[in-house]
2 protein chains.
Amino acid sequence: MARPRQFDEKNAVTSATELFWRRGYHATSVRDLGDELKLTPSSLYRTFTDKHTLFLRALDHYRATESAQARQRLDAADRPVREVLREWMLWLVTCPADGMSGRGCFVVNTATELGTADEKVRQRTEAAFEVTRQALRSVLAKGRDRGELSTDLDIDDAVELLFTTVLGLRVRERVGHDIEPLTTAIDLAIRVLGPAPTEPA
Amino acid sequence: MARPRQFDEKNAVTSATELFWRRGYHATSVRDLGDELKLTPSSLYRTFTDKHTLFLRALDHYRATESAQARQRLDAADRPVREVLREWMLWLVTCPADGMSGRGCFVVNTATELGTADEKVRQRTEAAFEVTRQALRSVLAKGRDRGELSTDLDIDDAVELLFTTVLGLRVRERVGHDIEPLTTAIDLAIRVLGPAPTEPA
DNA sequence: CAACTTGTGGAGCGATCGCTCCCATACTAG
DNA sequence: CTAGTATGGGAGCGATCGCTCCACAAGTTG
């Protein structure tokens, strides 16, 4: 009923996500958003309530697209754990750079900018982090079940290091560090998984 | 000559640093700074030129105090490398929490908030990062010279992982992660240094 | 002391902030 | 068609932004 929208809400959220991602929450003004999304203030506020709510929508959108894609890439691969992990981590610090380098991870940027002050934001960033840890956990478990990892390896411990490394990598991508040293860090991080057990068959 | 200042410039910079550290650049207003430093706008601008210049002063102050202290703690210790590294990394995610947890690292927060957009800021954050890498390098070199590390270990490679891990740890401290998982990550990161070479004497 | 120099306090500048309101517009329902 | 409803466009709200200006205060110098 009544007049239909002249804009696509999903496209708008996508644009908002890119803007917040690049500039952060405080440095992005409602007018910037209006220009980018091609929305007048009235439409923007009618649709998204306010800036903060739109930001939460952007965070959710990021998790549903970028984060979900990352999770998929990690889960789906049916190849040796070490290779999967290596390529996944390389992708994390490369793919965001489809001509779009230096953006880092929206979740990490948000988490450091807003800290723990904003509870709704905190819940979302923490949930995103937990998803990543869980994905790492299941990949390592798969590797162990396949006999690629020593049973001596404590998976939860390894997850903590890999996860922490990923956060560091995201920061380094954000500040424009070259891929080579990042690759070095990745290769070394994977080495903590220890050598592949020799087949006892 | 003429009327002397009623405030201490160093104290003012210290207060400004704490404010910028907690809230970030964009979320800290000049009025916030004025209230905290007990400076009227006129004194603030006469002394520090403008907000951006004061922010650079704050960054420099942080590097000269917090960062320098971190570097010292790493260099000074005359004990086994692994112990030194472990305690240093633990201190990094604990000490900032003298009742002041969740602040993370001012340099990391700044680097992710402002990215590479602000050249003067970028130079400073990058220089701070390089200092940390260099400190790690010299500690590892010392350990190798003492025979605590295998000569097979590529020190530059290890520096990349440890440095990346430190960035990740700083992010996790900022978002309020518990000390236990961080300790786990630290212990595992140190394990990439490999076992101590058995004395060939 | 007077003359000069520098710091302090505060009013207030223009610009921008997040946001609201109103009205013409453009659609659906009857 | 008319009546009803939600949108698009945009002026503009009060608040705050970074910052400036100026009269006055508090010192030093001769």
Side-chain angles (χ1 to χ4, degrees), chain A residues 1-61 109-110 113-114 117-121, chain B residues 1-61 109-110 113-114 117-121:
Chain A
M1 38 173 145
R3 182 175 178 176
R5 294 221 166 115
Q6 292 179 354
F7 68 96
D8 181 50
E9 191 169 323
K10 287 195 176 185
N11 287 346
V13 172
T14 303
S15 299
T17 304
E18 278 172 17
L19 219 50
F20 278 130
W21 188 354
R22 276 206 306 274
R23 303 195 202 168
Y25 179 75
H26 287 294
T28 306
S29 78
V30 174
R31 278 170 181 81
D32 291 338
L33 290 163
D35 293 347
E36 186 81 5
L37 322 197
K38 277 160 181 87
L39 279 184
T40 55
S42 67
S43 293
L44 194 155
Y45 277 91
R46 183 192 309 285
T47 313
F48 300 110
T49 309
D50 59 16
K51 180 185 176 182
H52 187 259
T53 306
L54 176 54
F55 184 74
L56 296 179
R57 285 282 300 270
L59 259 184
D60 290 338
H61 174 74
N109 297 351
T110 299
E113 181 186 357
L114 303 178
D118 187 318
E119 179 56 20
K120 288 183 180 172
V121 168
Chain B
M1 38 177 140
R3 182 175 177 174
R5 293 222 165 112
Q6 292 180 352
F7 67 96
D8 181 51
E9 192 169 325
K10 287 197 176 183
N11 287 346
V13 172
T14 302
S15 299
T17 304
E18 276 171 19
L19 219 50
F20 279 129
W21 187 354
R22 277 205 306 272
R23 303 196 202 169
Y25 180 75
H26 287 293
T28 306
S29 77
V30 174
R31 279 171 179 80
D32 291 338
L33 290 163
D35 293 347
E36 186 81 8
L37 322 197
K38 278 159 181 88
L39 279 184
T40 55
S42 66
S43 292
L44 195 155
Y45 278 91
R46 180 191 301 284
T47 313
F48 301 110
T49 309
D50 59 16
K51 180 186 176 183
H52 187 258
T53 306
L54 175 54
F55 184 73
L56 296 180
R57 285 282 301 268
L59 259 184
D60 290 338
H61 175 74
N109 297 350
T110 299
E113 180 185 358
L114 303 178
D118 187 319
E119 178 57 20
K120 288 183 179 173
V121 167

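Predicted model only: the values in this text are computed from it and were never measured. Note on naming: letters A, B, ... go to the chains in the order of the sequence lines (proteins, then strands), and numbering restarts at 1 for each one.
End-to-end axis angle of the helix from C:dC1-D:dG30 to C:dG30-D:dC1, from C1' rotation axes over five pairs per end: 0° (rounded to 10 degrees).
Contacts between residues 6-16 of chain A and DNA chain C, counted as heavy-atom distances below 4.0 Å, involve no residue at all. Contacts with DNA chain C (heavy atom under 4.0 Å) in residues 39-50 of chain B: B:T40, B:S42, B:S43, B:R46, listed by number.
If you measure from atom CG of A:L19 to atom P of C:dG18, you get 12 Å, rounded to the nearest angstrom. Rounded to an integer number of Å, the gap from CG of A:D32 to C1' of C:dC19 is 15 Å. In this structure, A:D35 places its CG atom 14 Å from C1' of C:dC17, rounding to the nearest Å. Here the C1' atom of nucleotide C:dG9 and the CZ atom of B:R31 are 14 Å apart, to the nearest Å. One atom, NE2 of B:H26, and another, P of D:dG18, lie 10 Å apart when rounded to the nearest Å. For the pair B:K51 NZ and D:dT20 C1', the computed distance is 17 Å after rounding to whole Å. Put simply, CG on A:L54 is 14 Å from C1' on C:dC19, counting in whole angstrom units. For A:R5 and D:dA6, the CZ to P distance is 11 Å, given to the nearest whole Å.
The stretch residues 11-21 of chain B participates, sequence neighbours left out, in no salt bridge (charged side-chain N to carboxylate O under 4.0 Å, His left out) pair at all. Sorted by first and then second residue, the salt bridge (charged side-chain N to carboxylate O under 4.0 Å, His left out) pairs involving residues 29-38 of chain B (not counting sequence neighbours) are B:R23-B:D32.
With sequence neighbours excluded, no residue satisfies ring-ring contact (aromatic ring centres under 6.0 Å, His included) with B:F48. For B:E119, the side-chain hydrogen bond (donor to acceptor under 3.5 Å, both in side chains) test picks out B:R122, B:Q123, with sequence neighbours left out. Applying the side chain to side chain contact (heavy atoms under 4.5 Å, CB included) rule to A:T40 yields the partners A:S42, A:S43; only residues at least two apart in sequence or on another chain are considered. Partners of A:T53 under the side-chain hydrogen bond (donor to acceptor under 3.5 Å, both in side chains) rule, at least two apart in sequence or in another chain, are A:D50. B:R57 pairs by the side-chain hydrogen bond (donor to acceptor under 3.5 Å, both in side chains) definition with B:E9, not counting sequence neighbours. Here A:H52 pairs with A:D118 under the side-chain hydrogen bond (donor to acceptor under 3.5 Å, both in side chains) rule; sequence neighbours left out.
A 4.5 Å side-chain heavy-atom check between B:L56 and B:V121 finds at least one atom pair inside the cut-off. Side-chain contact between A:F55 and A:T110: present, with at least one pair of heavy atoms (C-beta onward) separated by less than 4.5 Å.
Ring orientation note: the planes of B:F20 and B:Y25 are close to parallel, at an angle under 30° on the 30°/60° scale.
You'll find that the side chain of A:R3 is closest to C:dA24, out of C:dC19, D:dG18, C:dA24.
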